Protein chains: 2
Amino acid sequence: MTDLNSLLSPFFLNDKEIRKVIELLFFSYRDFTSGPDKILEKLNFGRAHHRIIYFVGKKNNITIKELLLVLQITKQSLSRVLNQLVNEKFIIVSTGIDKRTKKLSLTEKGEKLENQLSTIQINKIKRVINKYSEENINGFKEILYDMIETDNKKTFQQIND
Amino acid sequence: MTDLNSLLSPFFLNDKEIRKVIELLFFSYRDFTSGPDKILEKLNFGRAHHRIIYFVGKKNNITIKELLLVLQITKQSLSRVLNQLVNEKFIIVSTGIDKRTKKLSLTEKGEKLENQLSTIQINKIKRVINKYSEENINGFKEILYDMIETDNKKTFQQIND
DNA sequence: ATAATTAAGTCAATATGACTGACCTAAATA
DNA sequence: TATTTAGGTCAGTCATATTGACTTAATTAT
């Protein structure tokens, strides 16, 4: 199987090379999140808090439903973490025109934290990406995009329209 | 800040575009792991089990210490998950020449599972990557590699020498 | 030969992030 | 008026991880 594969595939599509991609994704993603993790720890927050802060910062006045769609967790899971952020005044809640909905936005304090966390990740990406051609960078983004499942591709487009 | 950035940076290095990379990493990594997760669930295993199986499969006769270096978790964390895999005969333990060490390898049962899980991820990467040029694929891998912290780059090289 | 270090393991307590299931309220829509 | 939708809540559970303290056995250094 692997032998046949080695014969038929070009080098960069060999199973062995593909496995390296698996590992690169694992290592790079872990290191990508480790920077913010250290700051969050001091506030007794975790990665779940980061994700909420990120997406609320991304789309002001996002509703609970929209947030759940992006995060793909249950509302019970969201509840605890979100309430902490609201109680500690990183996020402020208001009522939508549809009075059943709630709209979430970052407070000034929340924006400050969001900025602090995002800056780490943005700078890391910038530092890395700077060395590459526009062609390579676009390829990188397109490959990542193609790895997303159809439904979530739509979600990605929605938050970026 | 962002305005200045927009003026000085080429489009593909704008903060807004960089933020898309943050999201692409989040969405793609989540979907990348979701396939194996479904199989693991049936066995009452989680992602932690997957990682152990993957790296034991990658490097036969890996020691506990080496495995901890790769996974970057505590031995107490490893213990519970690894013991499950050993008890359920996915992994077999033997003693090294240095009798303090233990060597881990996959049983036939473990190899079967490893293969099942890896195949999902390998095929996913292949499906995606097929559409791209060698140049793009190499760029993709290099960018991911550059996102890894120095120490972990060494670990990556070690398991791939 | 003894002391120090290393590899591995264990016990206990704790935190975080997630889940299911059941149930509730209020508002909007059919 | 009935149904659906948005959101919330209570309770219990599970998986993954942590810190800290301590043990055993084997290897290495003095």
Side-chain angles (χ1 to χ4, degrees), chain A residues 26 29-30 33-34 36-56 59 61-88 91-105, chain B residues 26 29-30 33-34 36-56 59 61-88 91-105:
Chain A
F26 170 66
Y29 191 78
R30 189 175 60 186
T33 51
S34 66
D37 283 354
K38 280 167 207 155
I39 291 171
L40 292 158
E41 211 187 336
K42 290 173 203 158
L43 299 163
N44 285 314
F45 289 162
R47 212 170 286 173
H49 300 83
H50 186 187
R51 289 197 283 259
I52 294 173
I53 285 177
Y54 181 87
F55 286 110
V56 173
K59 185 172 180 178
N61 289 323
I62 193 170
T63 64
I64 303 281
K65 198 198 171 186
E66 287 168 332
L67 193 51
L68 288 173
L69 183 80
V70 172
L71 297 176
Q72 304 230 115
I73 55 173
T74 59
K75 58 180 171 176
Q76 295 93 321
S77 296
L78 177 61
S79 166
R80 184 184 58 92
V81 185
L82 180 56
N83 285 332
Q84 282 174 21
L85 290 167
V86 172
N87 288 336
E88 299 192 32
I91 284 177
I92 192 160
V93 186
S94 59
T95 305
I97 304 169
D98 180 337
K99 284 176 190 166
R100 289 172 305 178
T101 64
K102 285 188 175 175
K103 301 194 292 179
L104 308 172
S105 4
Chain B
F26 170 65
Y29 191 78
R30 189 175 59 186
T33 51
S34 66
D37 283 354
K38 281 167 207 155
I39 291 171
L40 292 158
E41 211 188 335
K42 290 174 203 158
L43 299 164
N44 285 314
F45 289 164
R47 211 169 287 172
H49 300 81
H50 186 188
R51 288 197 284 259
I52 294 173
I53 285 176
Y54 181 87
F55 286 110
V56 173
K59 186 173 180 178
N61 289 323
I62 193 170
T63 64
I64 303 283
K65 198 198 171 186
E66 287 168 331
L67 193 50
L68 287 174
L69 183 81
V70 173
L71 297 177
Q72 305 230 116
I73 55 172
T74 59
K75 58 179 169 173
Q76 296 93 321
S77 296
L78 177 60
S79 164
R80 182 187 57 91
V81 185
L82 179 57
N83 284 333
Q84 283 173 19
L85 289 167
V86 172
N87 288 335
E88 298 191 33
I91 284 177
I92 193 160
V93 187
S94 60
T95 304
I97 304 168
D98 180 338
K99 283 176 192 165
R100 290 171 305 176
T101 65
K102 286 189 174 176
K103 301 194 292 179
L104 308 172
S105 4

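Worth saying up front: this structure is predicted, and the values here are computed from it rather than measured. Throughout, protein chains are lettered first and strands after them, A, B, ... in sequence-line order, and every chain is numbered starting at 1.
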| message | Base, sugar-phosphate or nothing for Arg47(B)? Non-hydrogen atoms, less than 4.0 Å. | response | sugar-phosphate
| Student check: side-chain heavy atoms of Asn61(A) and Leu104(A) closer than 4.5 Å | no
| note | Testing dT10(C), dG7(D), dT18(D) for proximity to the side chain of Ser77(B), the answer is dT18(D)
| field | Rounded distance (Å) that lies between atom P of dG9(C) and atom CG of Leu104(B) | value | 8 Å
| note | Per atom distances to the Arg51(B) side chain, the nearest of dG9(C), dT20(C), dT16(D) is dT16(D)
| With sugar-phosphate meaning primed atoms plus P, OP1 and OP2, does Ile97(A) contact a base, only sugar-phosphate, or nothing at under 4.0 Å between heavy atoms? | sugar-phosphate
| Selected nucleotide, minimal atom distance to Ile73(B) side chain, candidates dA8(C), dT16(C), dA17(D) | dA17(D)
| request: Describe the nucleic acid contact of Glu41(B) in one word from base, sugar-phosphate, nothing, applying a heavy-atom distance below 4.0 Å. | output: nothing
| query | Out of dC19(C), dT16(C), dT27(D), which nucleotide sits closest to the side chain of Asp98(B)? | reply | dT27(D)
| Roughly how many Å is it from CG in Leu85(B) to P in dA15(D), rounded to a whole number? | 13 Å
| query | Does Val81(B) or Lys75(B) map to a spot on DNA chain D nearer the 5' end, using the closest nucleotide for each? | reply | Val81(B)
| task | Mind grabbing the angle between the end helix axes of the helix from dA1(C)-dT30(D) to dA30(C)-dT1(D)? Five pairs an end, 10° rounding. | result | 30°
| What distance separates Glu66(A) CD from Leu71(A) CG, expressed to the nearest 0.5 Å? | 11.5 Å
| field | Distance below 4.0 Å between His49(A) side-chain N/O and dG17(C) OP1 or OP2 | value | yes
| task | Mind calculating the distance between CD (Gln72(B)) and P (dA17(D)) to the nearest angstrom? | result | 12 Å
| How are the rings of Tyr29(B) and Tyr29(A) set to each other: parallel, tilted or perpendicular (split at 30° and 60°)? | parallel
| Donor-acceptor contact present, side-chain Arg47(B) to main-chain Leu40(B), <3.5 Å | no
| request: For the side chain of Arg100(A), starting at C-beta, report the closest nucleotide among dT5(D), dT16(C), dA26(D). | output: dT5(D)
| message | So, does Thr74(A) get its side chain near the phosphate of dC19(C), meaning an N or O under 4.0 Å from OP1 or OP2? | response | yes
| task | Decide yes or no for Leu82(A) and Ile64(A): does some side-chain heavy atom of the first lie under 4.5 Å from some side-chain heavy atom of the second? | result | yes
| Looking across every strand, which nucleic acid part, if any, lies under 4.0 Å from Ile52(A) by heavy atom: base, sugar-phosphate, or nothing? | nothing
| query | For the side chain of Lys102(B), counting heavy atoms from C-beta on, which of dG9(C), dC19(C), dT19(D) is nearest? | reply | dG9(C)
| task | Using atom CG of Leu78(A) as one end and atom P of dT16(C) as the other, report the distance to the nearest whole Å. | result | 16 Å
| query | Reckon Thr101(B) touches a base, only the sugar-phosphate, or nothing at all at heavy-atom distances under 4.0 Å? | reply | sugar-phosphate
| query | Looking only at atom types and distance, does a side-chain atom of Thr101(B) sit under 3.5 Å from a main-chain N or O of Ile97(B), one as donor and one as acceptor? | reply | no
| field | Closest-nucleotide ordering on DNA chain C, the 5'-leading residue of Gly46(A) and Lys99(A) | value | Gly46(A)
| query | If you check every side-chain atom of Ser79(B), which of dC19(C), dT18(D), dT10(C) has the closest atom? | reply | dT10(C)
| remark: Separation of dA17(D) atom P from Leu68(B) atom CG, nearest Å, is 11 Å
| message | How many whole angstroms separate atom CG of Leu82(B) from atom C1' of dT16(D)? | response | 15 Å
| task | Specify the separation, in whole Å, of atom CG of Asp37(A) and atom C1' of dT18(D). | result | 13 Å
| Which pair of heavy atoms, one from Leu68(B) and one from Ile73(B), lies closest together, and at what distance? | CD2-O, 3.5 Å
| message | Given the structure, check if the side chain of Gln76(B) and the base of dG20(D) hold any donor-acceptor pair shorter than 3.5 Å. | response | yes
| Given dT16(D), dA6(D), dG17(C), which nucleotide is nearest the side-chain atoms of Lys65(A)? | dA6(D)
| request: Would you kindly give the CZ-to-P distance between Arg80(B) and dT14(C), to the nearest whole Å? | output: 18 Å
| All pairs passing salt bridge (charged side-chain N to carboxylate O under 4.0 Å, His left out) where residues 94-103 of chain A contributes a residue, at least two apart | Asp98(A)-Arg100(A)
| In terms of ring plane angle, is the pair His50(B) and Tyr54(B) parallel, tilted or perpendicular, where the classes change at 30° and 60°? | perpendicular
